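Just below is one structure, and these are the notes that go with it.
So that the names make sense, note that chain A is the first sequence line, chain B the second, and so on, each numbered from 1. None of the values given here were measured: they were computed from a predicted structure.
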Amino acid sequence: MNKNKTPFPKNDPFWDDQNIDLYLSAPLETPSKRFMQKQEELLELLAIDPQRAIPVEATSPPVRNRFSIHHFGSIAATLILFVGSLIFFTREAPPPTEQFSEEDFWALVFADLSDDEMEFFLLTEVAWY
Amino acid sequence: MIYQVRVLKEEFQETENSPIEFPSDEELMRRCGQGDPRALEPIMVRWRLPIISFLYRSLGNLHDAEDLAMRVFHRLYQASPRYEPTAKFSTYIFFIARRLMLNEIRRRKRRPMELVSPETFWYQDFSDDREEGAALRKEREAQIQKALPELSEKYRTPMLLNIQNHLGPSEIAEVMDLKVNRVNVLLHRGRAQLKKILQESYEQE
């Protein structure tokens, strides 16, 4: 290893606190012509109408259209849902159906059975279980 | 971008050296709040260079910095009816500038740098105007401007407000809505971080 080789300087000696301050503290010397022109425009606009908005810069992204064809779909869907739920909840309730209980059913089944038939049926039923 | 250097220097020096010509910022803001847009002009003349310089150093693009500075002054005018001079005007205007700058950074992707010539700046302590001095200055200027956007905003803004615009830690704390101790820490770490970035760029060359 060559000990005489000059080591690469680790720090840039220029960038000490003093030079950092010197470069950072320097303000722009003068505004550009473009800025001066914009300043005049703004002051004129405000003089005409103090509430008027600043003119849109050329660099600003294009403003999105608030309403487009895509919005009509969601508006239509909302309307359909609204009207549908209105119809559903305000419809007339259907007339109550006649109640037909389980007891009525068995009564109807056993109505024409004789006592023997009834006994046979019950035995079969018991055997089944 | 070509600048008409020194074209308006007389105007600038006039406003710098004779502040009696204009009423105070607070008085001008009061007039703006009463609907007098002419009162905005002295405020713009007084503050446009600090604001553009701050935004240029932060964004690295002079075109954007100027557009944003214009929005700062417009926002200032809009806010003037609600303005109450409870704090220094400098903290108020830089508070607006920083908020708009943060919105701009969030809204846009990073735009390419648009480095300006060192002659555009007013280096008060430079006495070396020789040709080689100017070339070196250009190189250094490019180095520091490239390093600044790499520095986190939480470090960059306090440094710029302090070094470039001479705001104290308590004023910076108001602008950034932080505690004073925190600002002192950020100032210290920011300087160390900037040196590190500059050193790394130096080693890469």
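Contact of B:Ile52 with chain A is made through backbone and side chain together, with heavy-atom distances under 4.5 Å. No part of A:Glu44 comes within reach of chain B, as not one of its non-hydrogen atoms sits under 4.5 angstrom from that chain. Contact annotation for A:Asn19: neither backbone nor side-chain heavy atoms come within less than 4.5 Å of a heavy atom of chain B.
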Please output the side-chain donor-acceptor pairs of residues 28-38 of chain B that fall under 3.5 Å, not counting sequence neighbours, one pair per line with the distance.
| residue | atom | partner | partner atom | Å |
| --- | --- | --- | --- | --- |
| B:Arg30 | NE | B:Glu27 | OE1 | 3.1 |
| B:Arg30 | NH2 | B:Glu27 | OE1 | 3.4 |
| B:Arg30 | NH2 | B:Glu27 | OE2 | 2.7 |
| B:Arg31 | NE | B:Glu27 | OE2 | 3.4 |
| B:Asp36 | OD1 | B:Arg38 | N | 3.2 |
| B:Asp36 | OD1 | B:Arg38 | NE | 3.2 |

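Listed in order of number, the residues of residues 181-196 of chain B that approach chain A to under 4.5 Å between heavy atoms are B:Arg191, B:Leu194, B:Lys195.
Shown here are the side chain to side chain donor-acceptor pair (under 3.5 Å) partners of B:Glu26, two or more places apart in sequence or in another chain: there are none. For the side chain to side chain donor-acceptor pair (under 3.5 Å) test, residues two or more places apart in sequence or in another chain that qualify with A:Ser114 are A:Glu117.
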Q | A:Lys38 vs B:Glu66, salt bridge (charged side-chain N to carboxylate O under 4.0 Å, His left out): CA-CA, chis, key distance, verdict | A | CA-CA 9 Å; A:Lys38 284 196 158 214; B:Glu66 286 179 343; over 6 Å; no
Q: For B:Asp67 and A:Arg34, run side chain to side chain contact (heavy atoms under 4.5 Å, CB included): C-alpha distance rounded to whole Å, both residues' side-chain angles, the deciding distance at 0.1 Å, then the answer.
A: CA-CA 10 Å; B:Asp67 286 347; A:Arg34 176 178 169 274; 2.6 Å; yes
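Once rounded to the nearest 0.5 Å, the distance linking CZ of B:Phe54 with CG of A:Leu28 reads 13.0 Å. One finds the CD atom of A:Gln39 at 6.0 Å from the CD atom of B:Glu41 (value rounded to the nearest 0.5 Å). B:Phe73 contributes atom CZ, which lies 9.5 Å from atom CG of A:Leu42 (distance to the nearest 0.5 angstrom). For the atom pair B:Arg57 CZ and A:Tyr23 OH, the distance stands at 9.5 Å (nearest 0.5 Å). Atom CD1 of B:Ile144 and atom CG of A:Leu24 lie 4.0 Å apart (nearest 0.5 Å). The line from CG of B:Leu49 to CZ of A:Phe35 is 8.0 Å long, rounded to the nearest 0.5 Å.
Minimum heavy-atom separation, A:Ala26 to B:Gln164: O-NE2, 4.4 Å.
Between the side chain of A:Ser25 and the backbone N or O of B:Ile163, no donor-acceptor pair lies under 3.5 Å.
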